[in-house]
Visitor: 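The following block contains the structure, expressed as C-alpha coordinates.
Every chain is numbered from 1, with letters handed out A, B, ... down the list of sequences.
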Number of protein chains: 2
Amino acid sequence: MPDTFLDKDTPANRFARAREAQAAALLEDYVEMIGDLTAELGEARVADIAERMNVSQPTATKSIARLKREGLATSRPYRGVFLTDEGARLADRVRARHRTVVAFLVRMGVPEEIAELDAEGIEHHVSQVTLSAFEAVLKGEDPA
Amino acid sequence: MPDTFLDKDTPANRFARAREAQAAALLEDYVEMIGDLTAELGEARVADIAERMNVSQPTATKSIARLKREGLATSRPYRGVFLTDEGARLADRVRARHRTVVAFLVRMGVPEEIAELDAEGIEHHVSQVTLSAFEAVLKGEDPA
DNA sequence: TGATAAGTATAGCTATGGCTATATTTCGTG
DNA sequence: CACGAAATATAGCCATAGCTATACTTATCA
Ligand SMILES: [Mn+2]
Ligand SMILES: [Mn+2]
Ligand SMILES: [Mn+2]
Ligand SMILES: [Mn+2]
(Lines give C-alpha, C1' and ligand atoms only; values in the text may rest on other atoms or scores of the structure.)
(Ligands and ions follow the chains in the order given, each with its own letter.)
Protein backbone atom coordinates (compact mmCIF):
# COMPACT_ATOMS: atom_id res chain seq x y z
CA MET A 1 0.00 0.00 0.00
CA PRO A 2 1.86 3.08 -1.23
CA ASP A 3 1.12 6.63 -0.10
CA THR A 4 0.18 5.30 3.28
CA PHE A 5 3.34 6.54 4.92
CA LEU A 6 2.04 10.07 4.73
CA ASP A 7 -1.28 9.30 6.34
CA LYS A 8 -0.15 8.74 9.89
CA ASP A 9 -2.20 10.78 12.33
CA THR A 10 -4.32 12.37 9.65
CA PRO A 11 -7.13 14.23 11.42
CA ALA A 12 -10.68 13.51 10.37
CA ASN A 13 -11.80 17.13 10.16
CA ARG A 14 -10.68 18.99 7.05
CA PHE A 15 -9.99 22.24 8.89
CA ALA A 16 -7.84 20.48 11.45
CA ARG A 17 -5.94 18.84 8.64
CA ALA A 18 -5.33 22.15 6.89
CA ARG A 19 -4.08 23.62 10.17
CA GLU A 20 -1.60 20.79 10.53
CA ALA A 21 -0.35 21.26 6.98
CA GLN A 22 0.11 24.93 7.71
CA ALA A 23 2.14 24.23 10.83
CA ALA A 24 4.58 22.19 8.74
CA ALA A 25 4.78 24.78 5.95
CA LEU A 26 7.34 27.06 7.55
CA LEU A 27 9.67 24.19 8.37
CA GLU A 28 9.37 22.86 4.84
CA ASP A 29 10.23 26.17 3.24
CA TYR A 30 13.21 26.69 5.52
CA VAL A 31 14.78 23.30 4.92
CA GLU A 32 14.28 23.63 1.17
CA MET A 33 15.94 27.03 1.21
CA ILE A 34 18.81 25.95 3.41
CA GLY A 35 19.41 23.12 0.98
CA ASP A 36 19.33 25.56 -1.94
CA LEU A 37 21.78 27.96 -0.29
CA THR A 38 24.15 25.17 0.62
CA ALA A 39 24.14 23.95 -2.97
CA GLU A 40 24.53 27.44 -4.43
CA LEU A 41 26.93 29.10 -2.01
CA GLY A 42 28.52 26.21 -0.16
CA GLU A 43 26.91 27.28 3.10
CA ALA A 44 23.66 28.59 4.52
CA ARG A 45 24.07 31.75 6.55
CA VAL A 46 21.37 33.27 8.72
CA ALA A 47 21.54 36.58 6.88
CA ASP A 48 20.98 34.94 3.50
CA ILE A 49 18.15 32.80 4.83
CA ALA A 50 16.48 35.87 6.32
CA GLU A 51 16.84 37.85 3.11
CA ARG A 52 15.34 35.14 0.91
CA MET A 53 12.50 34.44 3.31
CA ASN A 54 11.84 38.18 3.57
CA VAL A 55 11.97 38.21 7.34
CA SER A 56 14.24 39.96 9.82
CA GLN A 57 17.42 38.27 10.93
CA PRO A 58 16.13 37.57 14.48
CA THR A 59 13.00 35.98 13.02
CA ALA A 60 15.14 33.67 10.89
CA THR A 61 17.28 32.81 13.91
CA LYS A 62 14.19 31.89 15.90
CA SER A 63 12.80 29.67 13.14
CA ILE A 64 16.18 27.98 12.78
CA ALA A 65 16.01 27.24 16.50
CA ARG A 66 12.76 25.42 15.85
CA LEU A 67 14.38 23.46 13.01
CA LYS A 68 17.11 22.39 15.41
CA ARG A 69 14.60 21.46 18.10
CA GLU A 70 12.79 19.26 15.61
CA GLY A 71 15.97 17.55 14.46
CA LEU A 72 16.04 18.99 10.95
CA ALA A 73 19.11 21.21 11.24
CA THR A 74 22.18 21.93 13.35
CA SER A 75 24.27 25.05 13.97
CA ARG A 76 26.82 26.45 16.36
CA PRO A 77 26.77 30.07 17.54
CA TYR A 78 27.92 32.58 14.93
CA ARG A 79 28.33 29.76 12.42
CA GLY A 80 26.27 28.58 9.44
CA VAL A 81 23.27 26.28 9.42
CA PHE A 82 23.41 22.65 8.30
CA LEU A 83 20.68 20.15 7.53
CA THR A 84 20.60 16.83 9.31
CA ASP A 85 20.07 13.71 7.22
CA GLU A 86 16.40 13.92 8.03
CA GLY A 87 16.39 17.61 7.12
CA ALA A 88 18.12 16.95 3.82
CA ARG A 89 15.66 14.20 2.95
CA LEU A 90 12.74 16.49 3.74
CA ALA A 91 14.32 19.25 1.67
CA ASP A 92 14.59 16.97 -1.34
CA ARG A 93 10.99 15.85 -1.08
CA VAL A 94 9.76 19.41 -0.62
CA ARG A 95 11.80 20.68 -3.57
CA ALA A 96 10.52 17.95 -5.86
CA ARG A 97 6.94 18.65 -4.84
CA HIS A 98 7.42 22.39 -5.34
CA ARG A 99 8.66 21.81 -8.86
CA THR A 100 5.82 19.47 -9.69
CA VAL A 101 3.22 21.95 -8.49
CA VAL A 102 4.77 24.81 -10.48
CA ALA A 103 5.09 22.69 -13.63
CA PHE A 104 1.53 21.50 -13.25
CA LEU A 105 0.13 25.01 -12.90
CA VAL A 106 2.09 26.15 -15.91
CA ARG A 107 0.66 23.21 -17.85
CA MET A 108 -2.78 24.43 -16.83
CA GLY A 109 -2.02 27.72 -18.51
CA VAL A 110 -0.90 29.78 -15.53
CA PRO A 111 1.97 32.19 -16.29
CA GLU A 112 5.32 31.22 -14.76
CA GLU A 113 5.55 34.08 -12.27
CA ILE A 114 2.04 33.56 -10.96
CA ALA A 115 2.53 29.81 -10.83
CA GLU A 116 5.61 30.37 -8.70
CA LEU A 117 3.73 32.66 -6.32
CA ASP A 118 0.71 30.41 -5.93
CA ALA A 119 2.78 27.25 -5.63
CA GLU A 120 4.61 28.59 -2.60
CA GLY A 121 1.39 28.26 -0.62
CA ILE A 122 -0.39 25.47 -2.50
CA GLU A 123 2.48 22.98 -2.24
CA HIS A 124 1.99 22.51 1.50
CA HIS A 125 -1.58 21.31 1.07
CA VAL A 126 -1.09 18.86 -1.78
CA SER A 127 -1.42 15.27 -0.57
CA GLN A 128 0.55 12.44 -2.08
CA VAL A 129 -2.50 11.29 -3.99
CA THR A 130 -3.04 14.72 -5.51
CA LEU A 131 0.66 15.07 -6.25
CA SER A 132 0.56 11.78 -8.13
CA ALA A 133 -2.44 13.02 -10.09
CA PHE A 134 -0.47 16.14 -11.06
CA GLU A 135 2.49 14.01 -12.11
CA ALA A 136 0.22 11.84 -14.23
CA VAL A 137 -1.09 14.91 -16.02
CA LEU A 138 2.46 16.14 -16.62
CA LYS A 139 3.37 12.74 -18.05
CA GLY A 140 0.55 13.10 -20.53
CA GLU A 141 -1.74 10.54 -18.93
CA ASP A 142 -4.59 12.99 -19.15
CA PRO A 143 -7.48 12.01 -16.88
CA ALA A 144 -10.04 14.02 -18.89
CA MET B 1 -8.09 45.07 -16.98
CA PRO B 2 -9.81 42.28 -15.09
CA ASP B 3 -8.30 40.35 -12.18
CA THR B 4 -6.50 43.47 -11.11
CA PHE B 5 -8.80 44.14 -8.18
CA LEU B 6 -7.21 41.31 -6.26
CA ASP B 7 -3.67 42.45 -6.77
CA LYS B 8 -3.62 45.46 -4.48
CA ASP B 9 -0.69 45.38 -2.11
CA THR B 10 0.72 42.16 -3.46
CA PRO B 11 4.17 41.65 -1.93
CA ALA B 12 7.07 41.03 -4.23
CA ASN B 13 8.52 38.11 -2.29
CA ARG B 14 6.72 34.80 -2.73
CA PHE B 15 7.10 33.77 0.89
CA ALA B 16 5.68 37.05 2.11
CA ARG B 17 2.78 36.59 -0.25
CA ALA B 18 2.07 33.08 1.02
CA ARG B 19 2.16 34.40 4.59
CA GLU B 20 -0.43 37.03 3.72
CA ALA B 21 -2.68 34.46 2.09
CA GLN B 22 -2.39 32.35 5.21
CA ALA B 23 -3.38 35.24 7.46
CA ALA B 24 -6.59 35.60 5.46
CA ALA B 25 -7.35 31.88 5.42
CA LEU B 26 -8.93 31.63 8.84
CA LEU B 27 -11.22 34.59 8.20
CA GLU B 28 -12.25 33.13 4.86
CA ASP B 29 -13.14 29.76 6.32
CA TYR B 30 -15.13 31.31 9.15
CA VAL B 31 -17.24 33.59 6.97
CA GLU B 32 -17.95 30.77 4.54
CA MET B 33 -19.05 28.54 7.39
CA ILE B 34 -21.17 31.20 9.05
CA GLY B 35 -22.87 31.68 5.70
CA ASP B 36 -23.44 27.95 5.40
CA LEU B 37 -24.89 27.64 8.90
CA THR B 38 -27.15 30.60 8.38
CA ALA B 39 -28.48 29.08 5.17
CA GLU B 40 -28.87 25.61 6.69
CA LEU B 41 -30.13 26.36 10.17
CA GLY B 42 -31.37 29.92 9.96
CA GLU B 43 -28.66 31.12 12.33
CA ALA B 44 -24.98 30.67 13.10
CA ARG B 45 -24.34 29.79 16.72
CA VAL B 46 -20.91 29.80 18.32
CA ALA B 47 -21.22 26.18 19.40
CA ASP B 48 -22.00 25.01 15.86
CA ILE B 49 -19.20 27.07 14.39
CA ALA B 50 -16.75 25.64 16.92
CA GLU B 51 -17.87 22.07 16.24
CA ARG B 52 -17.52 22.37 12.48
CA MET B 53 -14.16 24.10 12.70
CA ASN B 54 -12.99 21.48 15.17
CA VAL B 55 -11.88 24.03 17.74
CA SER B 56 -13.00 24.72 21.29
CA GLN B 57 -15.83 27.14 21.89
CA PRO B 58 -13.56 29.84 23.37
CA THR B 59 -11.31 29.60 20.34
CA ALA B 60 -14.29 30.13 18.05
CA THR B 61 -15.44 33.07 20.16
CA LYS B 62 -12.02 34.66 19.87
CA SER B 63 -11.88 34.23 16.10
CA ILE B 64 -15.36 35.67 15.79
CA ALA B 65 -14.10 38.69 17.72
CA ARG B 66 -11.50 39.13 15.00
CA LEU B 67 -14.18 38.87 12.31
CA LYS B 68 -16.10 41.63 14.07
CA ARG B 69 -13.00 43.77 14.42
CA GLU B 70 -12.40 43.45 10.70
CA GLY B 71 -15.94 44.35 9.81
CA LEU B 72 -16.97 40.94 8.47
CA ALA B 73 -19.48 39.94 11.14
CA THR B 74 -21.58 41.27 14.01
CA SER B 75 -22.95 39.70 17.18
CA ARG B 76 -24.39 40.65 20.54
CA PRO B 77 -23.51 38.80 23.75
CA TYR B 78 -25.12 35.38 24.06
CA ARG B 79 -26.64 35.79 20.62
CA GLY B 80 -25.81 34.34 17.21
CA VAL B 81 -23.32 35.60 14.68
CA PHE B 82 -24.29 37.50 11.55
CA LEU B 83 -22.30 38.44 8.48
CA THR B 84 -22.06 42.04 7.40
CA ASP B 85 -22.65 42.82 3.75
CA GLU B 86 -18.92 42.70 3.24
CA GLY B 87 -18.71 39.41 5.11
CA ALA B 88 -21.51 37.91 3.04
CA ARG B 89 -19.85 38.99 -0.18
CA LEU B 90 -16.57 37.47 0.94
CA ALA B 91 -18.37 34.26 1.95
CA ASP B 92 -19.90 33.94 -1.51
CA ARG B 93 -16.58 34.44 -3.25
CA VAL B 94 -14.83 31.99 -0.95
CA ARG B 95 -17.54 29.37 -1.38
CA ALA B 96 -17.43 29.62 -5.15
CA ARG B 97 -13.66 29.33 -5.16
CA HIS B 98 -13.79 26.35 -2.81
CA ARG B 99 -16.18 24.54 -5.15
CA THR B 100 -14.09 25.31 -8.17
CA VAL B 101 -10.94 23.96 -6.55
CA VAL B 102 -12.66 20.75 -5.45
CA ALA B 103 -14.24 20.20 -8.84
CA PHE B 104 -10.95 20.86 -10.56
CA LEU B 105 -9.06 18.36 -8.40
CA VAL B 106 -11.73 15.74 -9.00
CA ARG B 107 -11.41 16.39 -12.72
CA MET B 108 -7.68 15.75 -12.35
CA GLY B 109 -8.50 12.31 -11.00
CA VAL B 110 -8.32 12.99 -7.25
CA PRO B 111 -10.95 11.10 -5.20
CA GLU B 112 -13.72 13.28 -3.77
CA GLU B 113 -12.75 12.92 -0.10
CA ILE B 114 -9.11 13.72 -0.73
CA ALA B 115 -10.02 16.59 -3.02
CA GLU B 116 -12.14 18.03 -0.24
CA LEU B 117 -9.31 17.73 2.29
CA ASP B 118 -6.64 19.23 0.05
CA ALA B 119 -8.90 21.99 -1.24
CA GLU B 120 -9.47 23.31 2.27
CA GLY B 121 -5.86 24.46 2.32
CA ILE B 122 -5.15 24.99 -1.36
CA GLU B 123 -8.08 27.35 -1.95
CA HIS B 124 -6.47 30.14 0.05
CA HIS B 125 -3.43 30.26 -2.20
CA VAL B 126 -5.13 30.17 -5.58
CA SER B 127 -4.91 33.56 -7.31
CA GLN B 128 -7.62 34.86 -9.59
CA VAL B 129 -5.52 34.00 -12.62
CA THR B 130 -5.05 30.40 -11.49
CA LEU B 131 -8.72 30.13 -10.54
CA SER B 132 -9.65 31.24 -14.04
CA ALA B 133 -7.32 28.61 -15.47
CA PHE B 134 -9.07 25.96 -13.37
CA GLU B 135 -12.46 27.18 -14.55
CA ALA B 136 -11.29 27.03 -18.14
CA VAL B 137 -10.25 23.41 -17.69
CA LEU B 138 -13.61 22.58 -16.10
CA LYS B 139 -15.40 24.20 -19.05
CA GLY B 140 -13.50 21.88 -21.34
CA GLU B 141 -11.16 24.50 -22.74
CA ASP B 142 -8.27 22.15 -22.13
CA PRO B 143 -4.91 23.96 -22.26
CA ALA B 144 -2.95 20.75 -22.97
C1' DT C 1 47.49 43.91 15.11
C1' DG C 2 43.96 46.52 16.22
C1' DA C 3 39.89 49.17 14.76
C1' DT C 4 35.85 48.87 12.19
C1' DA C 5 32.47 46.42 9.65
C1' DA C 6 29.65 42.59 9.21
C1' DG C 7 27.21 38.90 11.03
C1' DT C 8 24.75 36.68 14.80
C1' DA C 9 22.46 36.45 19.29
C1' DT C 10 19.53 38.22 22.76
C1' DA C 11 15.97 40.98 24.98
C1' DG C 12 11.57 42.33 24.90
C1' DC C 13 7.52 43.58 22.59
C1' DT C 14 3.04 42.40 19.63
C1' DA C 15 -0.63 39.56 17.43
C1' DT C 16 -2.66 35.27 16.43
C1' DG C 17 -4.76 31.16 17.51
C1' DG C 18 -4.80 27.11 20.22
C1' DC C 19 -6.27 25.17 25.04
C1' DT C 20 -8.83 24.33 29.98
C1' DA C 21 -11.43 25.96 33.75
C1' DT C 22 -14.97 28.66 35.31
C1' DA C 23 -18.43 32.42 35.48
C1' DT C 24 -22.50 34.14 33.49
C1' DT C 25 -26.60 34.23 30.79
C1' DT C 26 -30.35 32.27 28.35
C1' DC C 27 -33.45 28.53 27.41
C1' DG C 28 -36.59 24.83 28.19
C1' DT C 29 -39.47 22.39 31.08
C1' DG C 30 -41.93 20.75 35.02
C1' DC D 1 -41.84 30.83 37.39
C1' DA D 2 -38.12 28.66 39.03
C1' DC D 3 -34.65 25.54 38.42
C1' DG D 4 -31.40 22.82 35.80
C1' DA D 5 -29.23 22.40 31.44
C1' DA D 6 -27.22 24.41 27.59
C1' DA D 7 -24.85 28.09 25.50
C1' DT D 8 -21.74 31.83 25.74
C1' DA D 9 -18.20 34.73 27.84
C1' DT D 10 -14.11 35.45 30.40
C1' DA D 11 -9.69 34.52 32.56
C1' DG D 12 -5.44 32.89 32.07
C1' DC D 13 -2.24 29.85 30.11
C1' DC D 14 0.92 28.28 25.97
C1' DA D 15 3.41 28.18 21.33
C1' DT D 16 4.39 30.34 17.10
C1' DA D 17 5.95 33.88 14.30
C1' DG D 18 6.63 38.47 13.38
C1' DC D 19 9.17 43.04 14.74
C1' DT D 20 13.05 46.69 16.60
C1' DA D 21 16.88 47.75 19.39
C1' DT D 22 21.05 46.39 21.12
C1' DA D 23 24.85 43.36 22.66
C1' DC D 24 28.28 40.34 21.27
C1' DT D 25 31.46 37.79 18.19
C1' DT D 26 33.94 37.16 14.02
C1' DA D 27 36.11 38.83 9.91
C1' DT D 28 38.56 42.22 7.23
C1' DC D 29 41.98 45.39 6.14
C1' DA D 30 44.85 49.56 6.84
MN1 LIG E 1 6.10 27.15 0.40
MN1 LIG F 1 8.50 26.03 -1.94
MN1 LIG G 1 -10.08 26.57 3.78
MN1 LIG H 1 -13.22 26.13 2.23
Visitor: Measure the distance from CD1 on A:Ile49 to C1' on C:dT8 and round it to the nearest whole Å.
Guide: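 Spelled out: CD1 on A:Ile49 to C1' on C:dT8 is 12 Å.
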Visitor: Given that B:Arg45 and B:Pro58 both sit by DNA chain C, which one's nearest nucleotide is further toward the 5' end?
Guide: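 Nearest-nucleotide comparison on DNA chain C picks B:Pro58.
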Visitor: Quick one: which residue pairs count as a side chain to side chain donor-acceptor pair (under 3.5 Å) with a foot in residues 80-92 of chain B, not counting sequence neighbours?
Guide: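 Listed once each, the pairs are B:Asp92-B:Arg95.
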Visitor: Which nucleotide wins on minimum distance to the side chain of A:Tyr78, given the candidates C:dT24, C:dG7, C:dT20?
Guide: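 Side chain of A:Tyr78 sits closest to C:dG7.
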Visitor: In whole angstrom, give the distance that lies between atom NZ of B:Lys62 and atom C1' of C:dA15.
Guide: 10 Å
Visitor: For A:Glu43 and C:dT8, give me the distance from atom CD to atom C1', rounded to whole Å.
Guide: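 About 13 Å, once rounded to whole Å.
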Visitor: Applying the side-chain hydrogen bond (donor to acceptor under 3.5 Å, both in side chains) criterion to A:His98, which one of A:His124, A:Glu28, A:Glu116 satisfies it?
Guide: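 In the set A:His124, A:Glu28, A:Glu116, the residue that makes a side-chain hydrogen bond (donor to acceptor under 3.5 Å, both in side chains) with A:His98 is A:Glu116.
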Visitor: Are the charged groups of B:Arg52 and B:Asp36 less than 4.0 angstrom apart, N to O?
Guide: no
Visitor: If we count only N and O atoms by modelled type, under 3.5 Å, do the side chains of B:Lys68 and B:Ser75 hold a donor and an acceptor together?
Guide: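 On atom types as modelled, these side chains qualify, holding a pair under 3.5 Å.
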Visitor: Can you see if the side chain of B:Thr59 gets near the phosphate of C:dC19 - specifically, an N or O under 4.0 Å from OP1 or OP2?
Guide: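 Indeed, a polar side-chain atom of B:Thr59 lies that close.
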Visitor: To the nearest Å, give me how far apart CD (B:Gln57) and P (C:dG17) are.
Guide: 17 Å
Visitor: From CZ of A:Arg19 over to C1' of C:dT16, roughly how many Å is that when rounded to an integer?
Guide: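 Interatomic distance, CZ of A:Arg19 to C1' of C:dT16: 13 Å.
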Visitor: Would you please say whether a donor-acceptor pair under 3.5 Å links the side chains of B:Glu120 and A:His125?
Guide: no
Visitor: For chain B and DNA chain D, what are the first and last nucleotides along the strand, 5' to 3', with at least one atom under 4.0 angstrom from a heavy atom of the protein chain?
Guide: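 Footprint of chain B along DNA chain D, 5' to 3': D:dA7 to D:dG18.
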Visitor: Rounded to whole Å, please give me the gap between CG in B:Leu27 and P in C:dT16.
Guide: 9 Å
Visitor: Round to a whole Å and report the spacing from CG of A:Asp48 to P of C:dG7.
Guide: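 For the pair A:Asp48 CG and C:dG7 P, the rounded distance is 8 Å.
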Visitor: Rounded to whole Å, please give me the gap between CG in B:Leu67 and C1' in C:dA15.
Guide: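 Roughly 16 Å, once rounded to whole Å.
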Visitor: Quick one: does A:Glu113's side chain get under 4.5 Å of A:Leu117's, heavy atoms only?
Guide: no
Visitor: Of all residues at least two apart in sequence or in a different chain, which pass the side-chain hydrogen bond (donor to acceptor under 3.5 Å, both in side chains) check with A:Ser56?
Guide: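 A:Ser56: side-chain hydrogen bond (donor to acceptor under 3.5 Å, both in side chains) contacts with A:Thr59.
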Visitor: For C:dT26 and B:Arg76 - does any side-chain N or O of the residue sit under 4.0 Å from the phosphate oxygens OP1/OP2?
Guide: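 No, no such contact exists.
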Visitor: Reading DNA chain D from 5' onward, which residue's closest nucleotide shows up sooner: A:Glu70 or A:Arg79?
Guide: A:Glu70
